[in-house]
Amino acid sequence: MFRSRRARRDDVWEGVVTGRSRGMLDGSTMYHFVEVRLADGGSARFRIRRRLWKEIAVGDRIVKRAGTDPARG
């Protein structure tokens with residue numbers, strides 16, 4: 001089961017996108033999510049910005065470095 005959360009500023013991870021989704025969890029704001037198979041073998045679900053969500057597809061590599069937002073790798 002995935003645990004969804006926003007990528008924190010000091011997080012460091014990388015992996016391959018295995019799924020994309022979006023939804024209006026609070027009824028007024030659209031949230032964008034990606035499911036990622038991490039390089040260490042685990043899986044996670046992260047909330048990301050709309051702009052990145054529109055750019056990536058399943059199978060793309062995504063990288064999160066400390067102090068930056070997630071980006072295509």
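Side-chain atoms are counted along with the backbone in the values below, which use heavy atoms only and exclude waters and symmetry mates. Position 1 is the first residue of the sequence, and the numbers go up from there. Predicted model only: the values in this text are computed from it and were never measured.
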task = Would you mind listing every salt bridge (charged side-chain N to carboxylate O under 4.0 Å, His left out) that reaches into residues 12-34, with sequence neighbours excluded?
result = Glu14-Arg61, Glu14-Arg65
message = Do Val63 and Leu52 land in one hydrophobic cluster if side-chain heavy atoms of ILVMFWY residues count as linked below 4.5 Å?
response = no
query = Is it true that Leu38 and Ile62 fall in one hydrophobic cluster, defined by side-chain heavy atoms closer than 4.5 Å?
reply = yes
key: Worked check of side-chain contact (heavy atoms from CB on, under 4.5 Å) between Val34 and Ile56   = CA-CA 9 Å; Val34 287; Ile56 62 173; 3.3 Å; yes
request  = Taking all non-hydrogen atoms of both residues into account, name the closest pair between Ile48 and Pro70 and its distance.
outcome  = CG2-CG, 4.3 Å
ask   = Is Arg45 close enough and on-axis enough to Phe33, meaning under 6.0 Å and within 45°, for cation-pi?
value = yes
inquiry  = Nearest 0.5 Å, please: how far is OG1 in Thr18 from CZ in Arg37?
reply    = 6.5 Å
Interatomic distance, Ser21 atom OG to Tyr31 atom OH [nearest 0.5 angstrom] =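 One finds 13.5 Å between OG of Ser21 and OH of Tyr31.
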inquiry  = Looking at Trp13 and Ala39, would you say the former's side chain and the latter's main chain have a donor-acceptor pair under 3.5 Å?
reply    =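 No: the side chain of Trp13 does not pair with the backbone of Ala39.
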Criterion salt bridge (Lys or Arg N to Asp or Glu O under 4.0 Å) against Asp69, the qualifying member of Arg51, Arg49, Lys64, Arg50 =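 It is Arg49, the one option of Arg51, Arg49, Lys64, Arg50 that forms the salt bridge (Lys or Arg N to Asp or Glu O under 4.0 Å) with Asp69.
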